[in-house]
Amino acid sequence: MEMNQNQIKMYNEEEVKEILQSDERLVYVDNGSEEVVIKYEDLADIIVDINDKFGSTDLKVYDYKEPDMDNPLLTTFGPYLNKCDPNVRKDIIDRLIDLQTGNEDIKDYKVIDEDMLDDVLRELDDEMER
């Protein structure tokens, strides 16, 4: 899944800064070769959209603040949930099913590039030190 600007929209640095300074819940989405950070509320849309755009793609999703690489919040088998934390499942299952069955359209969303995230975090740290 080469995420390029034509297929997946990315947040710019200013937007990333705003998100990091908010209380927005974030998660890592990993396809085995790439990781991006997304808003938790966009999770169902991204699971379905990535599979629509790139073909069957197995994903692992981790909490942003406390990533436990041995215990992802969820894993997918293509666009379907494989293993999932019960609370996360409760949060996303209705929207996920509606998207999978075509009852809902995928909403506009953006992802945070991991390299840009690191740059913005460094910049915010530098600002805090001043």
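All heavy atoms count here, side chains included; hydrogens, waters and symmetry mates do not. Position 1 is the first residue of the sequence, and the numbers go up from there.
- For the atom pair Asp45 CG and Glu41 CD, the distance stands at 9.0 Å (nearest 0.5 Å).
- Contacts of Asp70 classified as side chain to side chain contact (heavy atoms under 4.5 Å, CB included), with partners at least two apart in sequence or in another chain: Asp68.
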With side-chain contact (heavy atoms from CB on, under 4.5 Å) as the test, would you mind laying out the steps for Val36 and Asp113 before giving the verdict? CA-CA 5 Å; Val36 293; Asp113 174 73; 5.7 Å; no
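- Residues Asn51 and Tyr80 bring no donor and acceptor atom of their side chains to less than 3.5 Å of each other.
- Side-chain contact between Asp42 and Lys107: present, with at least one pair of heavy atoms (C-beta onward) separated by less than 4.5 Å.
- Residues Ile93 and Ile50 fall within the same hydrophobic cluster, defined by Ile, Leu, Val, Met, Phe, Trp and Tyr side chains chained together at heavy-atom separations under 4.5 Å.
- If you chain together hydrophobic residues whose side chains sit under 4.5 Å apart, Phe77 and Val88 never meet in one group.
- Put simply, NZ on Lys90 and SG on Cys84 are 11.5 Å apart, with the number rounded to the nearest 0.5 Å.
- Hydrophobic clustering, with ILVMFWY side chains joined whenever heavy atoms are under 4.5 angstrom apart, groups Ile97 together with Val61.
- Residues passing the side chain to side chain contact (heavy atoms under 4.5 Å, CB included) test with Lys83 are Thr75, sequence neighbours excluded.
- Between Arg122 and Asp119, at least one side-chain nitrogen of the basic residue sits less than 4.0 Å from a carboxylate oxygen of the acidic one, meeting the salt-bridge criterion.
- Within the model, atoms CG of Asn12 and CD of Glu18 stand 8.0 Å from one another, a figure rounded to the nearest 0.5 Å.
- By the neighbour-count criterion of 12 heavy atoms within 6.0 Å, atom CG of Asp118 is densely surrounded, having more than that number from other residues, nucleotides or ligands.
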Could you walk me through whether Glu123 and Glu13 pass the side-chain contact (heavy atoms from CB on, under 4.5 Å) check? CA-CA 10 Å; Glu123 194 177 311; Glu13 285 188 25; 3.8 Å; yes
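- Side-chain contact check for Val27 versus Ile38: some heavy-atom pair is nearer than 4.5 Å.
- Closest approach of Ser56 and Gly78 over heavy atoms only: OG-CA, 3.5 Å.
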For Val29 and Glu35, what are the C-alpha separation, side-chain angles and deciding distance, and is it a side-chain contact (heavy atoms from CB on, under 4.5 Å)? CA-CA 6 Å; Val29 177; Glu35 256 186 24; over 6 Å; no
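- Tyr62 belongs to a hydrophobic cluster whose other members, connected by ILVMFWY side-chain contacts under 4.5 Å either directly or through intermediates, are Tyr11, Val16, Ile19, Leu20, Leu26, Tyr28, Val37, Tyr64, Met69, Ile112, Met116, Leu117, Val120, Leu121, Leu124.
- Interatomic distance, CG of Asp58 versus CG of Asp30, reported as 11.0 Å (0.5 Å rounding).
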Checking side-chain contact (heavy atoms from CB on, under 4.5 Å) for the pair Gln100/Val48: CA distance, chi angles, key distance, verdict? CA-CA 7 Å; Gln100 290 168 338; Val48 173; 4.0 Å; yes
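- Between Lys9 and Asp108 the shortest side-chain heavy-atom distance falls below 4.5 Å.
- Here the straight-line distance linking atom CG of Leu96 with atom OG1 of Thr101 works out to 9.5 Å at 0.5 Å rounding.
- The local environment of NZ in Lys60 is sparse, with at most 12 non-hydrogen atoms from other residues, nucleotides or ligands closer than 6.0 Å.
- At a threshold of 4.5 Å between non-hydrogen side-chain atoms, the residues Asn82 and Thr76 do not count as touching.
- Two residues are said to be in side-chain contact when any heavy atoms from C-beta on lie closer than 4.5 Å; Leu81 and Ile92 meet this criterion.
- In summary, Asp63 and Arg25 engage in a salt bridge, as defined by a charged side-chain N under 4.0 Å from a carboxylate O.
- Looking only at side-chain heavy atoms (C-beta outward), Leu43 and Leu73 stay at 4.5 Å or farther from each other.
- Residues Lys110 and Met10 form no side-chain contact, since every pair of their non-hydrogen atoms from C-beta on lies 4.5 Å or further apart.
- Here Gln7 contributes atom CD and Asp52 contributes atom CG; the two are 12.0 Å apart, rounded to the nearest 0.5 Å.
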